[in-house]
Undergrad: 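Pasting in a structure now, in structure tokens, and then I'll have a few things to ask.
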Amino acid sequence: MSELELIAPRGYCAGVDRAIETVERVLEEQGAPVYVRGEIVHNKHVVATLAGKGAIFVDNVDEVPPGERVIYSAHGVSPEVREASQARNLRVIDATCPLVTKVHVEAVKFAKEGYSLILIGHHDHDEVIGTLGEAPVVTQVVGSPEQVAALTVPNPDRVAYLTQTTLSLDETKDIIAALREKFPNIKGPAAQDICYATENRQVAVKHVASDADLLLVVGSDNSSNSNRLEEVAARAGATAHLISGVSGIREEWLAGCRSIGLTAGASTPDILIEEVAAWLRARGCDRVEEIEAVSENVHFTLPVVGNGAEP
């Protein structure tokens, strides 16, 4: 017998909820097909479900027939993608998370002011690729304090930094500290770029991790914020595993566990979390407790869908 601690907040954030609802609303009101550039959010279950309803996911807007509707994912796109969409006369619906858009705006602002820009993040992540595209000539991407040492810029007194929204708070602090040591006059965003949902889920995991014998994070392996939750839990002393769903659990993990924590990345649907919780209850988690470490109540309005024309 053991206790299951349901860690809150978990699952969908406001930006993810907005992006998914945008696709669903367009399919409902305008019918299939609707094209989506990239995975609308980084969760394979969500993508498969929307594909089953008529969404067609493409890697490049060149795959979208001229004049058709295309939805940009929550991760955002570069100006190059926007220009390619315009050239094909695509009807664009922009589901970029407003907090990602904030980082894009900051990148443009710093570049126009003549700063060299350091973007903290994962070079191959969709969000970073989009942000990098706003000012590629003056932007360098770093993912660790060690990479900071190799940076060179034209003017060390005109440097600014931004961050991907889904990073580990602790690791990002270390990178920022290294940047400040190398460039004492470096400027940063007026408010941190790591989004509220990423921060809240990491804080909640830390609250539980040290007392849990096992901590499970439900999320896809290409979800940055889900991977960060697993890492945060491990650093806090928990035995942690990232799983896509019930099929990813190994029964031997449960041996000797008196307390099991369960959370999920910001792009994970409730149905997957509920399935894992039910699986654990069926295997002896007879006590279930909801642990809300941080209160969360954020909502974003949907983008204008209309006929799919970008203003």
Undergrad: Running the 4.5 Å side-chain criterion over Ile, Leu, Val, Met, Phe, Trp and Tyr, what cluster does V203 land in, apart from itself?
TA: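 Via sub-4.5 Å side-chain contacts, V203 links to V294.
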
Undergrad: Using the ring-ring contact (aromatic ring centres under 6.0 Å, His included) rule, collect all pairs that involve residues 127-158, keeping only residues at least two apart or in two chains.
TA: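 Counting only pairs at least two positions apart or across chains, no ring-ring contact (aromatic ring centres under 6.0 Å, His included) contact touches residues 127-158.
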
Undergrad: Got S116 and P154 here, is their nearest side-chain heavy-atom distance under 4.5 Å?
TA: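 Side chain of S116 against side chain of P154, heavy atoms only: contact under 4.5 Å found.
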
Undergrad: Determine which pairs satisfy side chain to side chain donor-acceptor pair (under 3.5 Å) with at least one residue from residues 136-146, sequence neighbours left out, and list them in order.
TA: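 As it turns out, the side chain to side chain donor-acceptor pair (under 3.5 Å) pairs with a partner in residues 136-146, which skip direct neighbours, are S144-E146.
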
Undergrad: Quick one: do H42 and N225 satisfy side chain to side chain donor-acceptor pair (under 3.5 Å)? Show the steps, please.
TA: CA-CA 10 Å; H42 283 158; N225 71 84; over 6 Å; no

Undergrad: What is the minimum heavy-atom distance between C195 and L99, and which atoms define it?
TA: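 Residues C195 and L99, closest heavy atoms: CB-CD1, 3.5 Å.
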
Undergrad: Is it the case that the side chains of Q202 and R228 hold a donor-acceptor pair, with the cut-off being a distance below 3.5 Å and no angle test?
TA: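 Short answer, no.
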
Undergrad: For N297 and H299: C-alpha separation, side-chain torsions, deciding distance, then whether side chain to side chain contact (heavy atoms under 4.5 Å, CB included) applies.
TA: CA-CA 7 Å; N297 185 27; H299 302 281; 3.1 Å; yes

Undergrad: Within the distance-only criterion (no hydrogens, no angle test), does the side chain of R18 pair as donor or acceptor with the backbone N or O of T96 below 3.5 angstrom?
TA: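 Between the backbone of T96 and the side chain of R18 there is a qualifying donor-acceptor contact (under 3.5 Å).
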
Undergrad: Can you list every side chain to side chain donor-acceptor pair (under 3.5 Å) pair that touches residues 151-160, not counting sequence neighbours?
TA: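 Side chain to side chain donor-acceptor pair (under 3.5 Å) check on residues 151-160 returns Y115-R158, D157-N185.
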
Undergrad: Anything under 3.5 Å between a donor and an acceptor, one on a side chain of residues 102-111, the other on a protein residue two or more places apart or in another chain? List them.
TA:
residue : atom : partner : partner atom : Å
K102    : NZ   : E106    : OE2          : 2.9
K102    : NZ   : A191    : O            : 3.2
K102    : NZ   : D193    : OD1          : 2.6
H104    : ND1  : E134    : OE2          : 2.7
H104    : NE2  : T131    : OG1          : 3.4
K109    : NZ   : E113    : OE2          : 3.3

Undergrad: I7 and Y12: same hydrophobic cluster, using ILVMFWY side-chain contacts below 4.5 Å?
TA: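 They do not share one cluster, since no chain of ILVMFWY contacts under 4.5 Å joins I7 to Y12.
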
Undergrad: Checking the side chain of T268 only, and the main-chain atoms of V218 only, is there a donor and an acceptor separated by less than 3.5 Å?
TA: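 Confirmed, T268 side chain pairs with V218 backbone.
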
Undergrad: Taking the side chain as every heavy atom from C-beta outward, state whether I56 and V58 have any atom pair closer than 4.5 Å.
TA: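 Touching, per the 4.5 Å side-chain cut-off.
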
Undergrad: With rounding to the nearest 0.5 Å, note down the distance linking NE2 in H241 to CZ in R250.
TA: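 Reported value, rounded in 0.5 Å steps: 8.0 Å.
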
Undergrad: Is the shortest distance from a Lys or Arg side-chain nitrogen in R10 or E292 to a carboxylate oxygen in the other one below 4.0 Å?
TA: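 Between E292 and R10 there is no salt bridge, as every charged N stays at least 4.0 Å from the carboxylate O atoms.
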
Undergrad: Determine whether a donor-acceptor pair (N or O, by modelled atom type, separation under 3.5 Å) exists between the side chain of N227 and the backbone of S223.
TA: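 Such a contact is found between N227 side chain and S223 backbone.
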
Undergrad: Measure the NE2-NE2 distance between H75 and H125 for me, rounded to the nearest 0.5 Å.
TA: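 Those atoms lie 5.0 Å apart.
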
Undergrad: Measuring only between side-chain heavy atoms, which start at C-beta, is L6 closer than 4.5 Å to I291?
TA: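 Result no, sub-4.5 Å side-chain heavy-atom pair not found.
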
Undergrad: Tell me every residue that passes salt bridge (charged side-chain N to carboxylate O under 4.0 Å, His left out) with E289, counting only those two or more places apart in sequence or in another chain.
TA: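 Scan of E289 (salt bridge (charged side-chain N to carboxylate O under 4.0 Å, His left out), adjacent residues dropped) gives none.
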
Undergrad: Measure the OG1-CD distance between T166 and E127 for me, rounded to the nearest 0.5 Å.
TA: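 Between atom OG1 of T166 and atom CD of E127 there are 5.5 Å.
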
Undergrad: Taking atom OG1 of T239 and atom CD1 of I260, what is their separation to the nearest 0.5 Å?
TA: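 Going from OG1 on T239 over to CD1 on I260, the span is 11.0 Å.
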
Undergrad: Between R69 and I93 (side chain of the first, backbone of the second, donor and acceptor by atom type, cut-off under 3.5 Å), is there such a pair?
TA: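 Checking the backbone N and O of I93 against the side chain of R69, no donor-acceptor pair under 3.5 Å is found.
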
Undergrad: If you compare all heavy atoms of A204 against all heavy atoms of P9, which two are closest, and at what distance to 0.1 Å?
TA: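 Closest approach of A204 to P9, heavy atoms only: CB-CD, 4.2 Å.
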
Undergrad: Supply the atom-to-atom distance D174 CG to L179 CG, rounded to the nearest 0.5 angstrom.
TA: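 So the gap between those two atoms works out to 11.0 Å.
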
Undergrad: Of all heavy-atom pairs between G121 and V141, which one has the smallest distance, and what is that distance?
TA: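 Shortest heavy-atom separation between G121 and V141 comes out as O-CG1, 3.7 Å.
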
Undergrad: Using the ring-ring contact (aromatic ring centres under 6.0 Å, His included) criterion, which residues pair with W279? Sequence neighbours excluded.
TA: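 Scan of W279 (ring-ring contact (aromatic ring centres under 6.0 Å, His included), adjacent residues dropped) gives none.
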
Undergrad: Do N222 and E39 come close enough that some side-chain heavy atom pair is under 4.5 Å?
TA: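 Yes, their side chains come closer than 4.5 Å.
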
Undergrad: What heavy-atom pair brings I243 and G248 nearest, and what distance separates the two atoms?
TA: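 For I243 versus G248, the nearest heavy atoms are CG2-O, 3.6 Å.
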
Undergrad: Evaluate the side chain to side chain donor-acceptor pair (under 3.5 Å) criterion for residues N89 and E68: first the C-alpha distance (whole Å), next the side-chain angles of each, then the deciding distance (0.1 Å), finally the verdict.
TA: CA-CA 8 Å; N89 196 32; E68 285 288 345; over 6 Å; no

Undergrad: With side chains defined as the heavy atoms from C-beta onward, is the minimum distance between Y161 and T163 less than 4.5 Å?
TA: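 The answer is yes; the side chains approach within 4.5 Å.
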
Undergrad: Can you find a pair of side-chain heavy atoms, one from D126 and one from V77, that are under 4.5 Å apart?
TA: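 Answer no - side chains too far apart.
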
Undergrad: Restricting to side chain to side chain contact (heavy atoms under 4.5 Å, CB included), what partner residues turn up for P136, sequence neighbours left out?
TA: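 None.
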
Undergrad: Counting only pairs under 3.5 Å, give me each side-chain donor-acceptor contact of residues 205-214, with atom names and distances, residues two or more places apart or in other chains.
TA:
residue : atom : partner : partner atom : Å
K206    : NZ   : D170    : OD1          : 3.2
K206    : NZ   : D170    : OD2          : 3.0
D213    : OD2  : R258    : N            : 2.8
D213    : OD2  : S259    : N            : 3.0

Undergrad: With a 4.5 Å limit on heavy-atom distance, are the side chains of R37 and V81 in contact?
TA: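 R37 vs V81: side chains touch.
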
Undergrad: Please give me the minimum heavy-atom distance between V36 and A55, naming the atom from each residue.
TA: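 Nearest heavy atoms, V36 then A55: CG2-CB, 4.3 Å.
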
Undergrad: Do I175 and T172 pass the side chain to side chain contact (heavy atoms under 4.5 Å, CB included) test, and can you show the C-alpha distance, the side-chain angles, and the key distance before you say yes or no?
TA: CA-CA 5 Å; I175 297 172; T172 302; 5.6 Å; no

Undergrad: Does T49 reach the main-chain N or O of H45 with its side chain, forming a donor-acceptor pair under 3.5 Å?
TA: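 Yes, because the side chain of T49 sits within donor-acceptor range (under 3.5 Å) of the backbone of H45.
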
Undergrad: Do we see a donor-acceptor contact under 3.5 Å between the side chains of R82 and S78?
TA: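 No - no donor-acceptor pair under 3.5 Å links their side chains.
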
Undergrad: Could you walk me through whether L119 and V128 pass the side chain to side chain contact (heavy atoms under 4.5 Å, CB included) check?
TA: CA-CA 8 Å; L119 178 56; V128 169; 3.7 Å; yes

Undergrad: Counting only pairs under 3.5 Å, give me each side-chain donor-acceptor contact of residues 59-66, with atom names and distances, residues two or more places apart or in other chains.
TA:
residue : atom : partner : partner atom : Å
N60     : OD1  : D62     : N            : 2.9
E63     : OE2  : D59     : N            : 3.2
E63     : OE2  : N60     : N            : 3.1

Undergrad: I'd like to know whether R235 forms a side chain to side chain donor-acceptor pair (under 3.5 Å) with S168, so could you lay out the CA-CA distance, the side-chain angles of the two residues, the decisive distance to 0.1 Å, and finally the verdict.
TA: CA-CA 11 Å; R235 283 199 301 274; S168 159; 2.9 Å; yes

Undergrad: Any sub-3.5 Å donor-acceptor pair from R25's side-chain atoms to T22's backbone N or O?
TA: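 Side chain of R25 to backbone of T22, a donor-acceptor pair under 3.5 Å: no, none is there.
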
Undergrad: Side-chain contact, heavy-atom cut-off 4.5 Å: F300 with C97?
TA: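 They are in contact (side-chain heavy atoms under 4.5 Å apart), so the answer is yes.
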
Undergrad: Return the CD1 to NZ distance between I118 and K187, rounded to the nearest 0.5 Å.
TA: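 Result: 15.0 Å between the selected atoms.
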
Undergrad: Ignoring hydrogens, what is the shortest heavy-atom contact between P189 and L162? Give both atom names and the distance.
TA: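 It is CB-CD2, 4.1 Å.
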
Undergrad: Applying the 4.5 Å side-chain criterion to the ILVMFWY set and letting contacts propagate, would W253 and V276 be lumped into a single cluster?
TA: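 The answer is yes; both residues are in one hydrophobic cluster.
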
Undergrad: Could you pull out all residues at least two apart from E275 that satisfy side chain to side chain contact (heavy atoms under 4.5 Å, CB included)?
TA: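 By the side chain to side chain contact (heavy atoms under 4.5 Å, CB included) rule, E275 matches V246, I271, L272.
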
Undergrad: Applying salt bridge (charged side-chain N to carboxylate O under 4.0 Å, His left out), can you list everything that pairs with D221, at least two apart in sequence or on another chain?
TA: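 K44.
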
